[in-house]
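Numbers here simply count residues along the sequence, with the first being 1.
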Amino acid sequence: MNSDSMRWIVGLGVLGSVLAHAGGIQVGAGSTVSFGDAIVSMGCNDLVAAGQIQVSSAHISTINDINIPAGGILDAGAASDLTMTGDFEGEGSFNAGTGVVNIVDGCGNGTSHIGGGVSFNDLAVLTGTGKNLVLDAGKTTTVTGKITLQGASGNLLKIRSTVAGTTAQISATDVQAIDYVDVADSRAVGAVMAPDKPSKFHSVVSGNLFRWFFFDATGRWDDPSMRQIPALSTLSLGTLALLLACLAVRRIGVKRFSGPATKA
C-alpha cells in the first residue's frame, strides 16, 4: 500500500494476525482490528473480516469488495463511512450501528451484489454509469435508516434479483431518495418503495414488482387517480331507479297540493 493508504495504522489496535497486502486487508479468525477514527484508502482492494473488524468512526474508501465469511464480524460502529464499488458478501455478522455504506462507481465494477440478507443503517447506491445492483432472490435486504438508490439520465441504476422471475425483498423505511432506477423482480416488505408513478422518479419498470411505485402487494397496478366507482348490480340499479321514481312522484304530489288558493 502507498503512504496515503497506510494512514489507518495510526491509533490502530491489533490483536492476532492481520494481513495487509496488495489484495487488501484480511483479518483472520480469532483476530480483532479497530480502525478508530482513521481515514483509509483501500486503493480498490478488498476488506475481509474473517475475524472481527471494528470500524468505529473511521472513513474507509475505495474498497473493492467487502467480505464477511461465516463466523466473521464487521462492526460499523457510530458515524462510520464505508465506500465501496463491488460486492458486499455478508454470510457472517454485520453490525450496522449508525454508519453508512455507499456503493458507487469505480474499480472496474459495473455490477454490485449484496448477499446474505444484510441489514444496513443507511445505504446509498449511486451510479452515473449505469451500475447493476443485484440482490439475493428470496432474501431480504434491510435498511433501517435512509435508503438512497440513484442513477443518472441515460444511465439508470438497474436493480435485479439473482434469479430472474423470483423476487428479492427490500425492507426499508419511508426515508428514501430514489431517482433514475430500472427495477425488476423486487418486493418491498417494509414501506412502499417510491410510492408514485415511475415517471415521478425518472424511472422504468421491467416487471414483477410488488409494493413499488403503484404496484400493490399482489403485483397489480393500483393508481389512486385511476380508481373507478364500483359498478352496481342489475338489482341495485333497479332499486335505485324505483326510489328515484317514487321521489319524483312524491315531489309532483306535493307541488299540486301546495298550489296557490283560488279566489271565491
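When hydrophobic clusters are built by joining Ile, Leu, Val, Met, Phe, Trp and Tyr residues whose side-chain heavy atoms come closer than 4.5 Å, directly or via intermediates, Val100 is not grouped with Leu82. Leu74 is connected to Val33 through a chain of hydrophobic side-chain contacts under 4.5 Å among Ile, Leu, Val, Met, Phe, Trp and Tyr, so both are in one cluster. Following chains of ILVMFWY side-chain contacts shorter than 4.5 Å, one can reach Leu133 starting from Val118, so the two form part of one hydrophobic cluster. By the criterion of side-chain heavy atoms lying less than 4.5 angstrom apart, applied directly or through intervening Ile, Leu, Val, Met, Phe, Trp or Tyr residues, Leu123 is grouped together with Phe94 in one hydrophobic cluster. Under a hydrophobic-cluster definition in which Ile, Leu, Val, Met, Phe, Trp and Tyr are linked whenever side-chain heavy atoms come within less than 4.5 Å, directly or via other members, Leu149 and Phe214 are assigned to the same cluster.
Side-chain atoms of Phe215 and Val205, non-hydrogen and from C-beta on, do get closer than 4.5 Å to each other. The shortest distance between side-chain heavy atoms of Asn45 and Ile63 does not fall below 4.5 Å. Residues Thr141 and Phe120 form a side-chain contact, since some pair of their non-hydrogen atoms from C-beta on lies under 4.5 Å apart. At a threshold of 4.5 Å between non-hydrogen side-chain atoms, the residues Val189 and Phe210 do not count as touching.
Distance check, rounded to the nearest 0.5 Å: CD1 of Ile66 to CE of Met84 gives 4.5 Å. Of the inter-residue distances, the one linking Ile60 atom CD1 with Met42 atom CE reads 7.5 Å to the nearest 0.5 angstrom. For the atom pair Ile114 CD1 and Thr162 OG1, the distance stands at 12.0 Å (nearest 0.5 Å). The structure places CG of Asp185 at 10.5 Å from CG of Leu135, a figure rounded to the nearest 0.5 Å. Distance check, rounded to the nearest 0.5 Å: CD1 of Ile147 to CD1 of Ile178 gives 6.0 Å. With values rounded to the nearest 0.5 angstrom, Asp105 atom CG is found 5.5 Å from Lys131 atom NZ.
Here the side chain of Asp46 pairs no donor or acceptor atom with the backbone of Val48 at under 3.5 angstrom. A donor-acceptor distance shorter than 3.5 angstrom exists from the side chain of Ser80 to the backbone of Ala76, with no hydrogens or angles considered. Distance alone, capped at 3.5 Å, places no donor-acceptor pair between the Gln150 side chain and the Leu156 backbone. When atom types are taken as modelled, the side chain of Asp136 and the backbone of Lys139 share no donor-acceptor pair closer than 3.5 angstrom. The closest donor-acceptor contact from the side chain of Asp196 to the backbone of Lys200 lies at 3.5 Å or more, if one exists at all. In this structure a side-chain-to-backbone donor-acceptor pair under 3.5 Å is missing from Gln54 to Gly36. Although no hydrogens or angles enter the test, the distance criterion places a donor-acceptor pair under 3.5 Å between the side chain of Asp122 and the main chain of Lys146.
What you find for Thr127 and Thr129 is that their closest heavy atoms are OG1-N, 3.1 Å. Annotation for Thr167 and Ser161: closest pair C-OG, 4.2 Å, computed over non-hydrogen atoms. Heavy atoms only, all atoms of each residue included: Met193 and Ala188 are closest at CG-CB, 3.6 Å. In terms of heavy-atom proximity, Thr173 sits nearest to Thr144 at CG2-O, 3.4 Å. In plain terms, the two heavy atoms of Ile103 and Ser112 that are nearest each other are CG2-OG, 3.3 Å. Of all non-hydrogen atoms in Thr62 and Gly43, the two that sit nearest each other are OG1-N, 3.0 Å.
Within 6.0 Å of atom CD in Glu91, 12 or fewer heavy atoms from other residues, nucleotides or ligands are found, so the atom counts as exposed in its surroundings.
Defined by atom type and a distance below 3.5 Å, a donor-acceptor pair is present between the side-chain atoms of Asn64 and Asn109. Judged purely by distance below 3.5 Å, without hydrogens or angles, the side chains of Thr140 and Ser171 never pair a donor atom with an acceptor atom. Thr83 and Asn102 share a donor-acceptor pair across their side chains, judged by distance under 3.5 Å alone. Between the side chains of Asp37 and Ser57, no donor-acceptor pair of N or O atoms lies under 3.5 Å.
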Decide yes or no on side-chain contact (heavy atoms from CB on, under 4.5 Å) for Arg160 and Ser206, but give the supporting numbers first. CA-CA 9 Å; Arg160 296 292 187 267; Ser206 290; 3.6 Å; yes

Verdict with supporting geometry, Ile170 and Val143, side-chain contact (heavy atoms from CB on, under 4.5 Å): CA-CA 8 Å; Ile170 298 178; Val143 181; 5.5 Å; no

Working for side-chain contact (heavy atoms from CB on, under 4.5 Å), residues Ile73 and Asn95: CA-CA 8 Å; Ile73 299 173; Asn95 301 325; 3.8 Å; yes

Test Thr98 against Asn121 for side chain to side chain donor-acceptor pair (under 3.5 Å), laying out the working first. CA-CA 6 Å; Thr98 56; Asn121 175 50; 5.4 Å; no

Test side-chain contact (heavy atoms from CB on, under 4.5 Å) on Ile25 and Phe35; report intermediate values, then the result. CA-CA 12 Å; Ile25 297 175; Phe35 281 92; 4.2 Å; yes

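With sequence neighbours excluded, the residues that form a side-chain contact (heavy atoms from CB on, under 4.5 Å) with Asp87 are Asp65, Glu89, His113.
Across Pro195, Pro198, Ser186, a single residue satisfies side chain to side chain contact (heavy atoms under 4.5 Å, CB included) together with Trp212, and that is Ser186.
Using a 30° and 60° split on the angle between ring planes, Phe213 and Phe201 fall in the tilted class, from 30° to 60°.
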